[in-house]
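Structure first, commentary second.
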Amino acid sequence: MPELPEVETTRRGIEPHIDQQRVADFVVREPRLRWLVPSEIPENIVKKRVNSVERRGKYILIRFDEGDLMVHLGMSGSLRVLPTGTEPAQHDHVDLVMENGLLVRLTDPRRFGSVLWQPKGETHKLLEKLGPEPLSDAFNVDYLFKASRNRSLAIKQFIMTSEVVVGVGNIYANESLFKAGIDPRKPAGKVSKQRYERLVVEIKSVLEYAITRGGTTLRDFLSSDGKPGYFAQELSVYGRGGEACKSCGSTLKEIRQGQRATVFCPRCQR
DNA sequence: AGTCGCGCCTGGCGGC
DNA sequence: TGCCGCCAGGCGCGAC
């Protein structure tokens with residue numbers, strides 16, 4: 001599923017093909033995504049030029065003078081750049097058709113993704129309460145430690161809260177807590193500043209590394225099949241419940257926190 | 001205000 | 001082989 005590294009890789013993949021290009025058409029075959037695709041999109045973007053392709057959390061922002069097209073990939077979404085006229089297949093819900101003979105196609109079998117519109121000068125409700133970008137300087141130990149005080153929430157769920165920090169999904173929450181040696185069940189408010197220091201470093205490092213991997217396998221956006229850019233064998237804990245810890249050999253424990261799988265090493269993570 | 005659990009959706013998989 | 005039921009999960013939202 002796309003997490004921040006995959007979204008960033010996707011952004012970099014489509015940017016060179018649509019930046020500064022004009023929109024020829026906007027085609028919606030299935031508007032029933034996570035949120036209904038707003039009907040006012042075509043009148044705002046057709047014949048208009050893309051100013052930039054940016055990212056905020058897991059949202060890709062395709063920016064115009066009139067406002068921003070917001071794309072979220074949900075769990076199963078992907079964007080591909082294809083020649084105009086390519087026949088749509090099942091689950092190909094939305095096309096952004098450009099005047100340069102290419103189109104950006106959203107494929108999303110589970111339809112947890114979304115395509116939204118943010119008018120110029122407004123901040124979309126879904127972006128309003130988002131926390132800092134994990135790779136920015138604003139995401140640092142002072143910030144995170146302060147935000148965690150008096151929070152009884154388990155630290156894993158705390159770092160997966162988008163108001164705290166954006167883009168840390170289940171996979172990278174599990175991985176970074178393992179690398180930082182922190183028990184995912186520990187209440188966020190009871191974790192020391194020293195340990196937050198390490199966690200911040202690990203979150204940044206795990207995301208940065210994953211971006212380099214995503215860039216490797218999703219490089220060719222003109223023919224990519226949209227497979228995720230990370231490989232299971234590179235993960236330390238995610239999806240490895242019951243297997244041996246790569247660090248100490250103990251059996252990795254799998255539990256559920258807030259209906260999501262948590263995997264950790266009871267010996268390495270305290 | 002903070003925390004918790006629900007529900008959206010469908011491909012894939014285990015069990016029979 | 002085929003069918004059924006369950007699970008995965010991002011994340012907003014309503015309930016306490």
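Chain A is the first sequence line, chain B the second, and so forth, proteins listed ahead of strands; every chain is numbered from 1. Heavy atoms only: backbone and side chains are in, while hydrogens, waters and symmetry mates are out.
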Salt-bridge contact E54(A)-R11(A) (side-chain N to carboxylate O under 4.0 Å): no
Side chain to side chain donor-acceptor pair (under 3.5 Å) involving S136(A) - partner list, sequence neighbours excluded: none
Are any non-hydrogen side-chain atoms of W35(A) and L126(A) less than 4.5 angstrom apart? yes
Measure CG/N150(A) against C1'/dT3(B) and give the value in whole Å, please. 14 Å
What pairs with R267(A) under side chain to side chain donor-acceptor pair (under 3.5 Å), at least two apart in sequence or on another chain? none
Hey, does T262(A) have a side-chain heavy atom less than 4.5 Å from the side chain of F264(A)? yes
Can you check whether F139(A) reaches E133(A) side chain to side chain, under 4.5 Å on heavy atoms? no
Rounded to the nearest Å, what distance is computed from the NZ atom of residue K125(A) to the C1' atom of nucleotide dG12(C)? 8 Å
Is there any protein nitrogen or oxygen under 3.5 Å from a nitrogen or oxygen in nucleotides 4-6 of chain C, and what are the pairs?
none

Are any non-hydrogen side-chain atoms of L4(A) and Y172(A) less than 4.5 angstrom apart? no
M75(A) CE to dC11(C) C1', straight-line distance once rounded to whole Å: 11 Å
What's L73(A) touching, base or sugar-phosphate or nothing? Going by heavy atoms closer than 4.0 Å. nothing
Between dG9(C) atom P and H72(A) atom NE2, what is the distance in whole Å? 15 Å
Could you give the NZ-to-P distance, from K156(A) to dC11(C), as a whole number of Å? 14 Å
Residue pairs meeting salt bridge (charged side-chain N to carboxylate O under 4.0 Å, His left out), one or both in residues 166-191 of chain A, sequence neighbours left out, come to D183(A)-R185(A)
Rounded to whole Å, CG of L130(A) lies from P of dG10(C) at a distance of 15 Å
Between K58(A) and dC11(C), is there a contact of a side-chain N or O with OP1 or OP2 at under 4.0 Å? yes
Closer than 3.5 angstrom, by distance alone: can the side chain of E208(A) be matched with the main-chain N or O of L135(A) as a donor-acceptor pair? no
Whole angstrom is fine here: how far is it from CG in N170(A) over to C1' in dC11(C)? 12 Å
Donor-acceptor pair, distance only, cut-off 3.5 Å: does the side chain of R260(A) make one with the backbone of G169(A)? no
For DNA chain B, please output the secondary structure as dot-bracket, reading 5' to 3'. Pairs are Watson-Crick or G-U wobble, both atom distances under 3.5 Å; mark crossing pairs with [ ], other-strand partners with |, unpaired with a dot. .|||||||||||||||
Rounded to the nearest Å, what distance is computed from the CD1 atom of residue I159(A) to the C1' atom of nucleotide dC11(C)? 16 Å
Strictly under 4.0 angstrom, non-hydrogen atoms only: write out the protein contact profile of nucleotides 4-11 of chain B, one letter per nucleotide from the 5' end, B, S or -. SSBBBBBS
Below 4.0 angstrom from OP1 or OP2 of dC11(C), is there any side-chain N or O of K129(A)? no
Could you report the tightest heavy-atom contact between L252(A) and S236(A), atom names first, then the distance? CD1-O, 3.8 Å
